[in-house]
Engineer: 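Once you've had a glance at the structure underneath, I'll fire off some questions.
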Amino acid sequence: MKVRHPQYAEGEVKTIGEHTAEILFADGRKTIEPQASELQPAEAQASVSGLDVPLKTFIDQVVSATVAELGFENPKADVEQLGIRWHGGKVVLHPADPSLQTKEIPLEVFFHKIVMIRNNLRVLEQKINAHEKLSDGEKVEMHQYITRSYGSMTTFNILFRNKEEQFGG
């Protein structure tokens with residue numbers, strides 16, 4: 001938990017003992033007696049007692065916001081991006097060895113995996129951009145690999161309904 005101290009400013013609680021807490025401040029770790037030091041929470045606090053909405057609704061709202069924040073998508077939403085002509089279709093893989101069994105995959109499942117690759121590449125791009133220890137040159141180099149990955153995925157662009165959802169090289 002992040003706390004605010006009148007003298008040391010903002011810090012993060014690392015350990016809590018019976019009467020003391022170790023808090024990491026910008027100028028180092030301090031052992032503080034919370035009761036006597038006027039510590040205040042530095043983050044917004046929430047209380048869920050006395051909700052004006054049913055608990056299930058509240059939990060559903062929290063889970064939906066969390067899923068959206070993490071960048072996860074509803075697998076059924078992928079099907080909306082799939083071109084209509086492909087709905088209900090399947091991918092069929094025929095091995096060269098006739099003694100081996102053919103593998104059929106519903107196209108919606110296959111398409112979902114492609115969309116997940118695209119989403120993971122997007123998250124990777126964001127993480128590279130936000131990384132504090134990578135130099136600009138290293139970021140550019142990593143972005144080139146991502147661009148090449150997008151280029152390799154352009155084969156699957158025929159499956160997408162809208163051009164803006166497709167891969168670009």
Side-chain angles (χ1 to χ4, degrees), residues 1-82 108-154 156-157 160 162-169:
M1 177 179 186
K2 293 190 182 206
V3 294
R4 186 168 289 114
H5 186 274
Q7 180 181 353
Y8 303 119
E10 194 171 297
E12 186 174 340
V13 177
K14 293 301 181 183
T15 62
I16 298 177
E18 189 173 338
H19 299 288
T20 61
E22 285 199 22
I23 304 172
L24 181 61
F25 294 100
D27 62 342
R29 192 179 285 244
K30 309 275 188 211
T31 301
I32 307 256
E33 186 180 339
Q35 299 293 349
S37 65
E38 301 177 30
L39 280 177
Q40 296 293 320
E43 301 172 307
Q45 301 293 304
S47 174
V48 292
S49 61
L51 288 174
D52 291 336
V53 296
L55 182 60
K56 181 185 181 329
T57 303
F58 175 74
I59 291 171
D60 287 346
Q61 291 170 348
V62 169
V63 169
S64 293
T66 303
V67 167
E69 181 69 25
L70 292 173
F72 296 130
E73 293 184 23
N74 180 350
K76 292 178 183 173
D78 295 342
V79 176
E80 295 171 12
Q81 297 175 30
L82 181 63
E108 287 82 1
V109 171
F110 181 73
F111 186 70
H112 174 69
K113 292 181 184 298
I114 291 169
V115 170
M116 290 305 299
I117 291 169
R118 183 194 64 197
N119 293 347
N120 288 334
L121 286 170
R122 288 177 176 170
V123 170
L124 180 59
E125 275 184 296
Q126 292 170 352
K127 289 190 177 276
I128 289 170
N129 288 338
H131 201 284
E132 54 196 39
K133 293 186 180 177
L134 291 174
S135 70
D136 287 343
E138 291 169 322
K139 288 179 183 180
V140 168
E141 182 181 351
M142 289 187 178
H143 278 288
Q144 289 174 347
Y145 286 106
I146 292 172
T147 301
R148 289 183 204 135
S149 297
Y150 280 132
S152 297
M153 301 297 289
T154 57
F156 303 111
N157 282 347
F160 287 90
N162 300 317
K163 187 163 181 61
E164 60 269 6
E165 297 293 334
Q166 295 179 349
F167 293 98

Engineer: Calculate, to the nearest 0.5 Å, the distance between atoms CD and OG1 belonging to Glu33 and Thr20 respectively.
Structural biologist: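 So the CD of Glu33 and the OG1 of Thr20 are separated by 8.0 Å.
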Engineer: Which residues pass the side-chain hydrogen bond (donor to acceptor under 3.5 Å, both in side chains) test with Asn157, not counting sequence neighbours?
Structural biologist: none
Engineer: What is the distance from atom OH of Tyr145 to atom OG1 of Thr147, rounded to the nearest 0.5 Å?
Structural biologist: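 So the OH of Tyr145 and the OG1 of Thr147 are separated by 12.0 Å.
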Engineer: Quick one: side chain to side chain contact (heavy atoms under 4.5 Å, CB included) partners of Gln144, sequence neighbours excluded?
Structural biologist: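 Gln144 satisfies side chain to side chain contact (heavy atoms under 4.5 Å, CB included) with Val140, Arg148 once adjacent residues are dropped.
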Engineer: Only counting residues at least two apart or in another chain, list the ones meeting side chain to side chain contact (heavy atoms under 4.5 Å, CB included) with Asn162.
Structural biologist: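 Glu164, Glu165.
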Engineer: Find the distance between CE (Met1) and CD1 (Ile23) and round it off to the nearest 0.5 Å.
Structural biologist: 10.0 Å
Engineer: Under the ring pair (Phe, Tyr, Trp, His ring centres under 6.0 Å) rule, collect the residues that match up with Phe160, sequence neighbours excluded.
Structural biologist: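 Testing Phe160 for ring pair (Phe, Tyr, Trp, His ring centres under 6.0 Å), a comparison that skips the adjacent residues, returns Phe111, Phe167.
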Engineer: Can you sort out the partners of His143 under side-chain hydrogen bond (donor to acceptor under 3.5 Å, both in side chains), two or more places apart, ordered by chain and number?
Structural biologist: Asn129
Engineer: Can you find a heavy atom in the side chain of Ile32 that is under 4.5 Å from one in the side chain of Val3?
Structural biologist: no
Engineer: What distance separates Ile117 CD1 from Phe156 CZ, expressed to the nearest 0.5 Å?
Structural biologist: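 One finds 7.5 Å between CD1 of Ile117 and CZ of Phe156.
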Engineer: Over all heavy atoms of both residues, which pair between Ser37 and Pro6 is shortest? Give the atoms and the distance, please.
Structural biologist: O-CD, 3.4 Å
Engineer: Under 4.5 Å between any side-chain heavy atoms of Asn119 and Met116, yes or no?
Structural biologist: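 Yes - at least one pair of side-chain heavy atoms lies under 4.5 Å apart.
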Engineer: Which residues pass the side-chain hydrogen bond (donor to acceptor under 3.5 Å, both in side chains) test with Asn120, not counting sequence neighbours?
Structural biologist: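 Per chain and number, Asn120 pairs via side-chain hydrogen bond (donor to acceptor under 3.5 Å, both in side chains) with no residue.
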Engineer: Look at the side chain of Thr154 and the backbone N and O of Gly151, then say whether any donor-acceptor pair between them is shorter than 3.5 Å.
Structural biologist: yes
Engineer: Mind checking what makes ring pair (Phe, Tyr, Trp, His ring centres under 6.0 Å) contact with Tyr8, not counting sequence neighbours?
Structural biologist: His5, Phe25
Engineer: Could you work out, with salt bridge (Lys or Arg N to Asp or Glu O under 4.0 Å) as the rule, every residue matching Asp27, not counting sequence neighbours?
Structural biologist: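 For Asp27 the salt bridge (Lys or Arg N to Asp or Glu O under 4.0 Å) partners, ignoring immediate neighbours, are Lys30.
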Engineer: Can you sort out the partners of Glu138 under salt bridge (Lys or Arg N to Asp or Glu O under 4.0 Å), two or more places apart, ordered by chain and number?
Structural biologist: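 Salt bridge (Lys or Arg N to Asp or Glu O under 4.0 Å) check on Glu138 returns nothing, list empty.
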Engineer: Identify all side-chain donor-acceptor contacts of residues 9-16 below 3.5 Å with residues at least two apart in sequence or on another chain.
Structural biologist:
residue	atom	partner	partner atom	Å
Glu10	OE1	Arg4	NH2	3.3

Engineer: Got a sec, which residues hit side-chain hydrogen bond (donor to acceptor under 3.5 Å, both in side chains) with Gln126, two or more places apart in sequence or on another chain?
Structural biologist: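 Per chain and number, Gln126 pairs via side-chain hydrogen bond (donor to acceptor under 3.5 Å, both in side chains) with no residue.
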Engineer: Starting at OG1 of Thr66, measure out to CD1 of Ile59 and round the result to the nearest 0.5 Å.
Structural biologist: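 Taking OG1 in Thr66 and CD1 in Ile59, the distance rounds to 11.5 Å.
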Engineer: Of all heavy-atom pairs between Tyr150 and Arg118, which one has the smallest distance, and what is that distance?
Structural biologist: OH-O, 4.1 Å
Engineer: Please report the interatomic distance NZ(Lys139) to NZ(Lys127), rounded to the nearest 0.5 Å.
Structural biologist: 13.5 Å
